[in-house]
Amino acid sequence: MDGTGVMTLHSTEPGPDGPFAVTPLESLRDGSMLYCARWDGAVGDRAASPVYRHYRSYRADHASRRPGCVVLVWIDFDRAGAAPEFFDEVVAGNREAGPIDGMIAAHLHISTDGRHGLAYGEWSDENAHQVALDPGGPLGPEGAVTRRIETVAGVRALTFHRYRPHPITPGR
């Protein structure tokens, strides 16, 4: 989502009012589809839900692999300044944990109103993400990332969902 290959180009000649990149994601829970879209410039009234701007990314050493699983994490904050602080702690926790098996990258986004965060995590597969969440894992209850983000005041809710990147077939 940050212009470095995460998104798949949907059209070679985007119109000024439409997205220039769309990534289709298939839910690993129920098979439903979610489309992540990138616009160049302002979105304005086109968005019914929060509009996010890229804040920063974290890439693992083996970041050249293609993700087999995308994990979207939605975070709600009770104050606008909490999102950058939260994401800075996510990156610090990832660095503290060292290489996390199966993690490729995390692209961190903050809503334009500053009260929502969206993490677009790229993983080798669903199992690698689950292992990282298990007790003893870096995202688990006592893990480095969890310990760091728990110090940030203002987090109201955090939810995630796993997806499989779905290829766009040209000509369809």
Side-chain angles (χ1 to χ4, degrees), residues 1-8 21-38 49-50 52-78 82-111 115-169:
M1 292 174 68
D2 67 347
T4 59
V6 176
M7 301 296 282
T8 304
V22 175
T23 299
L25 301 171
E26 180 181 1
S27 170
L28 292 173
R29 179 177 42 191
D30 62 14
S32 63
M33 296 296 292
L34 174 74
Y35 294 88
C36 292
R38 271 185 56 212
S49 54
Y52 295 91
R53 299 209 186 286
H54 182 257
Y55 174 64
R56 66 185 294 188
S57 290
Y58 172 81
R59 294 187 182 283
D61 294 335
H62 52 283
S64 62
R65 293 190 296 170
R66 296 188 72 108
C69 179
V70 170
V71 179
L72 296 183
V73 183
W74 293 271
I75 310 102
D76 293 330
F77 302 98
D78 65 8
E85 186 180 338
F86 181 89
F87 283 143
D88 290 346
E89 291 299 327
V90 166
V91 172
N94 276 295
R95 288 191 176 127
E96 181 182 319
I100 299 174
D101 287 340
M103 182 182 191
I104 299 169
H107 307 288
L108 310 171
H109 303 78
I110 299 172
S111 66
R115 299 179 64 87
H116 307 279
L118 172 66
Y120 184 105
E122 297 175 304
W123 292 81
S124 59
D125 55 50
E126 180 180 12
N127 186 60
H129 181 249
Q130 184 57 55
V131 168
L133 288 171
D134 288 342
L139 305 177
E142 301 297 320
V145 176
T146 305
R147 282 194 318 270
R148 295 202 66 122
I149 64 174
E150 286 179 342
T151 66
V152 179
V155 178
R156 290 188 321 160
L158 184 148
T159 58
F160 75 88
H161 194 84
R162 294 183 187 114
Y163 297 87
R164 177 180 306 112
H166 196 278
I168 294 177
T169 306

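- With sequence neighbours left out, Glu96 forms a salt bridge (Lys or Arg N to Asp or Glu O under 4.0 Å) with Arg147, Arg148.
- Remark: Ser27 pairs with Arg29, Asp30, Ser32, His161, Tyr163 by the side chain to side chain contact (heavy atoms under 4.5 Å, CB included) rule, at least two apart or across chains.
- Heavy atoms only, all atoms of each residue included: Ala153 and Ala82 are closest at O-CB, 3.7 Å.
- A pairwise comparison of heavy atoms in Pro165 and Leu25 identifies CA-CD2, 3.9 Å as the closest pair.
- A pairwise comparison of heavy atoms in Ala132 and Trp123 identifies CB-CH2, 3.7 Å as the closest pair.
- For the atom pair CD1 (Ile100) and OG (Ser124), the distance works out to 11.5 Å, reported to the nearest 0.5 Å.
- The aromatic rings of Phe86 and Phe77 sit perpendicular, their planes meeting at an angle over 60°, well past the 30° parallel limit.
- When atom types are taken as modelled, the side chain of Thr146 and the backbone of Pro141 share no donor-acceptor pair closer than 3.5 angstrom.
- Side chain of Arg59 to backbone of Ile104: no donor-acceptor contact under 3.5 angstrom is found.
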Item to complete: Go through the steps for Phe87 and Val152 under the test side chain to side chain contact (heavy atoms under 4.5 Å, CB included), then give the verdict.
Response: CA-CA 10 Å; Phe87 283 143; Val152 179; over 6 Å; no

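- Each of Leu133, Ile149, Val73 was compared with Leu139 under the side chain to side chain contact (heavy atoms under 4.5 Å, CB included) criterion, and only Leu133 meets it.
- Among pairs with a residue in residues 126-139, those fulfilling salt bridge (charged side-chain N to carboxylate O under 4.0 Å, His left out) read Glu126-Arg162, at least two apart in sequence or across chains.
- Rounded to the nearest 0.5 angstrom, Arg56 CZ and Ile110 CD1 are separated by 10.0 Å.
- In this structure, CG in Asp125 is found 11.5 Å from CD in Gln130, a value given to the nearest 0.5 Å.
- Taking CG of Leu108 as the start and CG of Leu118 as the end, the distance is 9.0 Å to the nearest 0.5 Å.
- Rounded to the nearest 0.5 Å, atoms CE (Met103) and CD (Glu122) are 9.0 Å apart.
- Note that the NE2 atom of His116 and the OH atom of Tyr52 stand 6.0 Å from one another [nearest 0.5 Å].
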